[in-house]
Amino acid sequence: MKNMKYTQHAKERCKQRDITKQPIDIEDIKKMPIYTTENGCIKYLDVKNLLVYYVRGSKIVTMIATNPIQMVRYYCFSKDINFNTICRDNIFNNCKRCNCKYIHLQLNV
C-alpha cells in the first residue's frame, strides 16, 4: 500500500521542478539514508532516483532533484565520509585505474 501524502507545497514544487511524483510508502522512505534534519523535516536520500525527500511526520513537504555528484556529496555527508576520498569516475562506472587510490563507493539503494 502506498500511503505517502504530498502537501500542496510539495505538489507545486514538483510541478515547478519537473519532478514526477512516485507512489511511495512511508516505510520505503524511512529505509532510505537520512541526509540531515532541518526545521522539523527529515531529508531522505533516494539515491536510485536522485531525489531528496523532505518529510515531516507522514507527509512529503517538498522534493528536490539532484545530479549523481551532488547525491554522492549528500550521501557522504550523511555517512560522515570525506567526499574528497571518493573516486568520481567510479560513480559513473568508468574508473579505469588498476590500483585506484580513491574509494569506490557502493551506494545502498
Side-chain angles (χ1 to χ4, degrees):
M1 182 174 171
K2 308 297 181 193
N3 66 355
M4 200 66 204
K5 305 258 189 292
Y6 291 86
T7 64
Q8 186 61 36
H9 177 76
K11 292 174 187 176
E12 291 168 5
R13 290 295 182 260
C14 285
K15 190 174 184 179
Q16 290 171 351
R17 297 171 179 155
D18 200 27
I19 299 172
T20 303
K21 295 187 310 283
Q22 302 291 326
I24 191 163
D25 189 72
I26 186 65
E27 296 307 317
D28 293 333
I29 289 179
K30 287 182 177 180
K31 293 175 187 172
M32 296 176 185
I34 295 174
Y35 168 49
T36 189
T37 302
E38 182 180 310
N39 296 327
C41 288
I42 300 173
K43 299 177 186 179
Y44 291 95
L45 301 177
D46 184 347
V47 176
K48 182 178 178 185
N49 295 308
L50 299 176
L51 295 170
V52 180
Y53 291 101
Y54 289 57
V55 177
R56 186 177 292 131
S58 63
K59 294 183 180 179
I60 294 176
V61 177
T62 196
M63 299 164 55
I64 61 170
T66 66
N67 61 54
I69 295 290
Q70 189 62 51
M71 181 56 72
V72 171
R73 280 186 187 277
Y74 290 159
Y75 185 86
C76 287
F77 179 84
S78 75
K79 300 296 184 186
D80 199 26
I81 299 169
N82 181 348
F83 177 74
N84 294 324
T85 63
I86 303 301
C87 177
R88 272 62 151 203
D89 291 332
N90 182 60
I91 295 168
F92 299 102
N93 296 318
N94 60 5
C95 180
K96 305 286 189 242
R97 297 185 270 310
C98 293
N99 293 315
C100 184
K101 68 179 185 176
Y102 297 99
I103 297 169
H104 284 207
L105 186 64
Q106 298 300 315
L107 299 180
N108 300 329
V109 293

Heavy-atom donor-acceptor pair, Asn67 side chain to Ile69 backbone, under 3.5 Å: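 A pair under 3.5 Å: yes.
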What distance do [X] atom [atom1] and [Y] atom [atom2] have between them, rounded to the nearest 0.5 Å?
{"X": "Lys43", "Y": "Thr37", "atom1": "NZ", "atom2": "OG1", "answer": "9.0 Å"}
{"X": "Phe83", "Y": "Gln70", "atom1": "CZ", "atom2": "CD", "answer": "8.0 Å"}
{"X": "Leu51", "Y": "Met32", "atom1": "CG", "atom2": "CE", "answer": "8.0 Å"}
{"X": "Arg56", "Y": "Asn39", "atom1": "CZ", "atom2": "CG", "answer": "7.0 Å"}

Step-by-step side-chain contact (heavy atoms from CB on, under 4.5 Å) determination, Met71 to Leu45: CA-CA 8 Å; Met71 181 56 72; Leu45 301 177; 3.9 Å; yes
To check you understand the geometry: which heavy-atom pair defines the closest contact between [X] and [Y], and what is its length?
{"X": "Cys76", "Y": "Ile86", "value": "SG-CG1, 3.7 Å"}
{"X": "Asn84", "Y": "Asn82", "value": "N-OD1, 2.9 Å"}
{"X": "Ile26", "Y": "Gly57", "value": "CD1-O, 4.1 Å"}
{"X": "His9", "Y": "Val61", "value": "CD2-O, 3.3 Å"}

Candidate pair Tyr44 and Asp46, rule side-chain contact (heavy atoms from CB on, under 4.5 Å), full reasoning: CA-CA 6 Å; Tyr44 291 95; Asp46 184 347; over 6 Å; no
Residues Tyr54, Ile64; criterion side-chain contact (heavy atoms from CB on, under 4.5 Å); working and verdict: CA-CA 8 Å; Tyr54 289 57; Ile64 61 170; 4.0 Å; yes
Arg73 NZ/CZ over Tyr35 ring centroid, <6.0 Å and within 45° of normal: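 So Arg73 doesn't make the cation-pi contact.
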For a quick test of your reading: what N or O donor-acceptor pairs under 3.5 Å do the side chains of residues 94-105 make, sequence neighbours left out?
| unit_1 | atom_1 | unit_2 | atom_2 | d |
| --- | --- | --- | --- | --- |
| Arg97 | NH1 | Asp89 | OD2 | 3.0 |
| Arg97 | NH2 | Asp89 | OD2 | 3.4 |
| His104 | ND1 | Asn90 | OD1 | 3.3 |

